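Below you'll find the structure, written out as structure tokens, and then a few comments.
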Amino acid sequence: MLRIPCPHCGARDEIEFTYRGDATVARPGPDAGVDAFHDYLYLRTNPRGWQAEWWQHSSGCRAFLKLLRHTVTHEIRAVATATETLEVPGA
Amino acid sequence: MSAPEATHPLAAVATPGLRGAAGVAPLRVSLPVRETVQVMVRRGREEAFAAAMEASFGMAPPAPGHTLAGGAVTAIWIQPGGFMLTGAGPGLAERAALAFVGLAAVEDQSHGRTTITVSGPAARAVLARGCRLDLHTRAFGPGRAAMTQIAHIGCLLHQVDDAPSFELTVFSTLAEPFFHWLVEAGSGDGVVIA
Ligand SMILES: [Zn+2]
């Protein structure tokens, strides 16, 4: 069970959140072509280490948050609001 | 806007009396009359909204995780730029709609939400059986509020006083299963329904 520090609500249990995947994926422009959309839709780096990911505080304040989480240890090093940027350190 | 519902969503199950054991400190449960109005501030209008709130309800918008009372109306922070106004009514939705023209979206949720008050020394222990918030006096207290899940049901919780009393606001469609859980969780020391 993770305790996730929501910048609006404080630390809350993982059960209040919905995981929304890799937060570094950016939607290509409308003319980018089918290959770019294929990569956008299907390809993920699935890192063993630090990952920036979306978590929505769906049962709390409903805000979309970016978390920097270690995929092996589950350590949460940073949290940001949707419009802020998170630096992802190397593994 | 919305008159109280002709039949309270819990009328069939929340009949007055004692449920469970006859303990020395039972949980006290009551169903307050509440108008519930959701207010979502428009982006960039936060300052004008705060001024309108001060002018019309005599209070500032509450800080995150907090409530404020202005007269008979309580404002509860529910999300960034979002508040729930509650009061015994009537006419709260109309008042809010007039006060916040152009500043916020105002939605009357009175029929959509049902509020249950739990009170007494047993309240924290009973809530702890389904609520993951830390409600200890060191971490929570009167004037504090949180959106969370209790017994897997989305719930807006805020503490009213040191009794302690908590107001629990849930979707009306889920009020009955929520109420059954509450009575079950409190049955060890008894639940007195007003
Ligand atoms: Zn939150």
Side-chain angles (χ1 to χ4, degrees), chain A residues 1-30 40 50-88, chain B residues 38-41 43-44 46 61-67 75-84 104-105 107 109 112-113 127-141 143-159 168-171 174 177-178 181:
Chain A
M1 176 63 72
L2 300 178
R3 292 280 286 172
I4 297 177
C6 174
H8 307 295
C9 307
R12 295 291 186 89
D13 276 20
E14 175 190 348
I15 196 169
E16 293 187 5
F17 295 82
T18 308
Y19 179 68
R20 305 293 289 259
D22 190 336
T24 61
V25 179
R27 185 186 171 88
Y40 161 69
W50 293 106
Q51 174 168 255
E53 45 196 36
W54 292 113
W55 288 81
Q56 189 194 4
H57 196 185
S58 45
S59 293
C61 66
R62 304 195 188 278
F64 282 82
L65 307 173
K66 278 181 202 163
L67 241 66
L68 188 61
R69 182 182 67 98
H70 197 285
T71 57
V72 178
T73 66
H74 286 304
E75 180 189 342
I76 295 167
R77 184 176 280 181
V79 60
T81 60
T83 51
E84 293 169 343
T85 49
L86 273 185
E87 280 310 314
V88 183
Chain B
Q38 187 173 0
V39 178
M40 308 276 285
V41 182
R43 192 176 301 162
E46 290 83 2
H66 287 78
T67 66
I76 309 167
W77 184 93
I78 54 172
Q79 63 187 139
F83 305 91
M84 205 70 98
E107 189 78 32
Q109 304 280 17
R113 310 295 161 102
L127 288 175
R129 291 176 187 132
C131 170
R132 289 155 187 266
L133 296 175
D134 185 356
L135 299 177
H136 191 278
T137 48
R138 277 196 304 268
F140 214 79
R144 293 290 308 278
M147 289 278 285
T148 187
Q149 282 186 15
I150 298 181
H152 308 286
I153 292 171
C155 181
L156 172 61
L157 171 152
H158 72 102
Q159 187 171 343
L168 312 172
T169 300
V170 297
F171 286 116
L174 295 172
F178 183 82
W181 169 81

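The structure displayed is predicted, hence computed values, not measured ones. Each chain gets a letter, A, B and so on, in the order the sequences are listed, and its residues count up from 1.
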Inset, instruction - Would you please name every residue forming a side chain to side chain donor-acceptor pair (under 3.5 Å) with T137(B), sequence neighbours left out? - result: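 Side chain to side chain donor-acceptor pair (under 3.5 Å) list for T137(B), sorted by chain: empty.
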
Inset, instruction - Find the one option among P80(B), G82(B), G154(B) whose heavy-atom pairs under 4.5 Å with chain A are most numerous. - result: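 Among the listed options, the one with the most contacts to chain A is P80(B).
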
Legend entry - Heavy-atom pair count under 4.5 Å with chain A, highest-scoring of L133(B), L156(B), D134(B):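 Greatest number of close heavy-atom pairs with chain A: L133(B).
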
Inset, instruction - Sequence neighbours left out, what passes salt bridge (Lys or Arg N to Asp or Glu O under 4.0 Å) with R69(A)? Give chain and number order. - result: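 Expected list: E53(A).
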
Report the distance from atom [atom1] of [X] to atom [atom2] of [Y], rounding to the nearest 0.5 Å.
X: S58(A); Y: Q149(B); atom1: OG; atom2: CD; result: 7.5 Å
X: H8(A); Y: I78(B); atom1: NE2; atom2: CD1; result: 13.0 Å
X: S59(A); Y: I153(B); atom1: OG; atom2: CD1; result: 11.5 Å

Inset, instruction - Please list, in residue-number order, every residue in residues 72-79 of chain A that has a heavy atom less than 4.5 Å from any heavy atom of chain B; write 'none' if there are none. - result: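 Residues of residues 72-79 of chain A touching chain B at under 4.5 Å: none.
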
Inset, instruction - Kindly indicate whether the side chain of R62(A), heavy atoms from C-beta on, has any atom under 4.5 Å from the side chain of M147(B). - result: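 SC-SC contact between R62(A) and M147(B) confirmed.
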
Inset, instruction - Output every pair passing salt bridge (Lys or Arg N to Asp or Glu O under 4.0 Å) with a member in residues 3-12 of chain A, not counting sequence neighbours, ordered by first then second residue. - result: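 Salt bridge (Lys or Arg N to Asp or Glu O under 4.0 Å) check on residues 3-12 of chain A returns R3(A)-D13(A), R12(A)-E16(A).
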
